[in-house]
Amino acid sequence: MKLSMPLVYAGNPRESADQVAALEKAGLDTIWVAEPYGFDAPTLMGYLAAKTETVEIGAGILNVYSRTPGAMLQTAAGLDNVSGGRAVLGLGASGPQVIEGFHGMPYERPLGRTREMIEILRMGLRREPLEYAGRDFTLPLPSDQGLGLGKPLKLLNKPERADLPIWVAALGDKNVAMTAEIADGWLPFLFYPEKARGVWGEALDKGLAKRSADLGPLQISAGGMVAIGEGPETKAFLDFMRPIYALYVGGMGAKGKNFYNQLACEYGFEKEAAEIQDLYLSGKKKEAEALVPLEWLEAGNLVGPASYVQERIAAFREAGVTNLSVSPASEDPAATIAQVKEWVS
């Protein structure tokens, strides 16, 4: 099992990025760089490539709307080159609030768009001319559009790897099935190991049945906060996760359009999901946070005595997780990474 963590920053991401070299020495395998509607991820990923030597640098995630397939190809190949073959391309549909609000693009056909993006990226990484006729992307532009001068072009530079790993963030059944079929890895969120099979098992099986043997086994990255220690003061760290769970379950989308709220329902927290959303959307965030089920917080994170944290690692492993993602809550994150690395190896 590999060990990864999200790059967590508030305000100045460069300060957090400067700490990654120490985490790399402690045994960190992968660092994930998010791109919601803050700074772009590729700039930070390039900065990390220059600061590190061995850690994989993953986009977690780039949305499939705000970049054309050609631009995404250039970004992926460029990052893989400057990192010496350490880039991981995480893709996702994001959500309508970000895509339509921040990027001004209609949130349409997220699954089809993701599938076509991956197909074009794989063509480009093999340095094949980009000639593609899909529902969302047509390359080159048809002769009756624009000036009619487009022709199939291939990437000028030779990519570092034709098989650069492509991961997909997915929660819905159809999206998870597609991910299991065509992606190298899957990025679920707010993962509850013991309930994962019941929620996504059928979708995963459906996708894996169509999966090409050339892709190898599906990789899965999931996890949460890690805090190792005895007593109630350690368990109290779970409260720091309440705002995140409440934000996603309650505020990440309108009623009926919130994927994370639906996930909470599928985990069996229908009552709490409805109440959290009502409170959050009415501005009562603290009240919403208080209703996040402790059961979910304990299962989705690794907080408690060393023996308990090891039990949670085993639960994630049993659920199929191949890349444990952790956010250390300690005064010495590198030491925490080193300890967890020993347990997952």
Side-chain angles (χ1 to χ4, degrees), residues 2-63 66-67 71-92 94 98 102-103 159-161 164-169 184-185 187 189 219 221-227 237 240-241 243-244 247-248 301-302 323-341 344:
K2 287 185 175 182
L3 186 63
S4 69
M5 68 173 285
L7 181 67
V8 179
Y9 61 88
N12 189 347
R14 189 175 64 251
E15 295 176 357
S16 297
D18 287 341
Q19 301 172 11
V20 175
L23 299 173
E24 176 184 64
K25 292 179 181 178
L28 188 69
D29 296 297
T30 311
I31 185 79
W32 296 104
V33 183
E35 187 189 79
Y37 48 99
F39 293 148
D40 73 297
T43 297
L44 294 174
M45 293 172 71
Y47 183 79
L48 285 166
K51 289 280 186 177
T52 58
E53 297 178 357
T54 61
V55 69
E56 293 178 327
I57 304 168
I61 58 166
L62 303 183
N63 76 75
S66 60
R67 293 176 178 85
M72 192 78 79
L73 170 63
Q74 290 175 304
T75 296
L79 286 169
D80 208 36
N81 177 265
V82 298
S83 65
R86 292 184 284 133
V88 178
L89 185 63
L91 299 176
S94 185
V98 172
F102 192 74
H103 295 291
E160 195 80 10
R161 293 177 294 172
L164 186 157
I166 299 176
W167 293 53
V168 176
D184 295 284
L187 292 162
F189 188 53
Q219 304 299 299
S221 180
M225 173 191 285
V226 58
F237 277 107
F240 288 105
M241 297 301 295
I244 297 175
L247 166 63
Y248 281 88
N301 296 281
L302 305 94
N323 188 318
L324 183 69
S325 182
V326 298
S327 296
S330 67
E331 295 181 357
D332 190 348
T336 301
I337 288 293
Q339 178 61 84
V340 178
K341 178 66 175 180
V344 301

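Any value given below was found using the heavy atoms of this structure, including those in side chains, with hydrogens, waters and symmetry copies removed. Computed from a predicted structure; not experimentally measured.
Applying the side-chain hydrogen bond (donor to acceptor under 3.5 Å, both in side chains) test to pairs two or more places apart or on separate chains, those with a residue in residues 12-21 are Asp18-Tyr47.
Looking at heavy atoms from C-beta onward, Leu62 lies in side-chain contact with Pro42 at the 4.5 angstrom threshold. Taking 4.5 Å as the limit, some side-chain heavy atom of Leu187 sits within range of a side-chain heavy atom of Ile61. You'll find the side chain of Val33 reaches within 4.5 Å of the side chain of Leu48, heavy atoms only. With contacts defined as side-chain heavy-atom distances shorter than 4.5 Å, the pair Phe39/Thr43 does not qualify.
Partners of Thr52 according to the side chain to side chain donor-acceptor pair (under 3.5 Å) rule, which considers only residues two or more places apart in sequence or in another chain, are Arg86. The side chain to side chain donor-acceptor pair (under 3.5 Å) test applied to Glu35 returns Arg67, not counting sequence neighbours.
Under the 3.5 Å distance criterion, the side-chain polar atoms of Asp80 are matched with a main-chain donor or acceptor of Ala87. Under a 3.5 Å cut-off, the side chain of Asn301 and the backbone N or O of Gly224 do not form any donor-acceptor pair. Panel note: side chain Asn63, backbone Ser66; a donor-acceptor pair is recorded below 3.5 Å. In this structure, Asp184 contributes its side chain and Ile166 its backbone to a donor-acceptor pair below 3.5 Å.
For the residue pair Ser325 and Ser221, no side-chain donor N or O sits within less than 3.5 Å of a side-chain acceptor on the partner. Between the side chains of Asn323 and Ser4, at least one donor-acceptor pair of N or O atoms lies under 3.5 Å.
In this structure, CG on Leu44 lies 6.5 Å from CG on Leu7, to the nearest 0.5 angstrom. Note that CG of Leu302 and CG of Leu324 are 5.5 Å apart. Values are rounded to the nearest 0.5 Å.
The shortest non-hydrogen separation linking Gly58 to Met45 is C-CE, 3.7 Å. Of all the heavy atoms in Val326 and Pro6, the pair that sits closest is O-CD, 3.6 Å. The two residues Phe240 and Pro243 make their nearest non-hydrogen contact at O-CD, 3.4 Å.
Looking at Lys51 and Glu24, no side-chain N of the basic residue comes within less than 4.0 Å of a carboxylate O on the acidic one, giving no salt bridge.
Heavy atoms of other residues, nucleotides or ligands lying less than 6.0 angstrom from CZ of Phe189 number more than 12.
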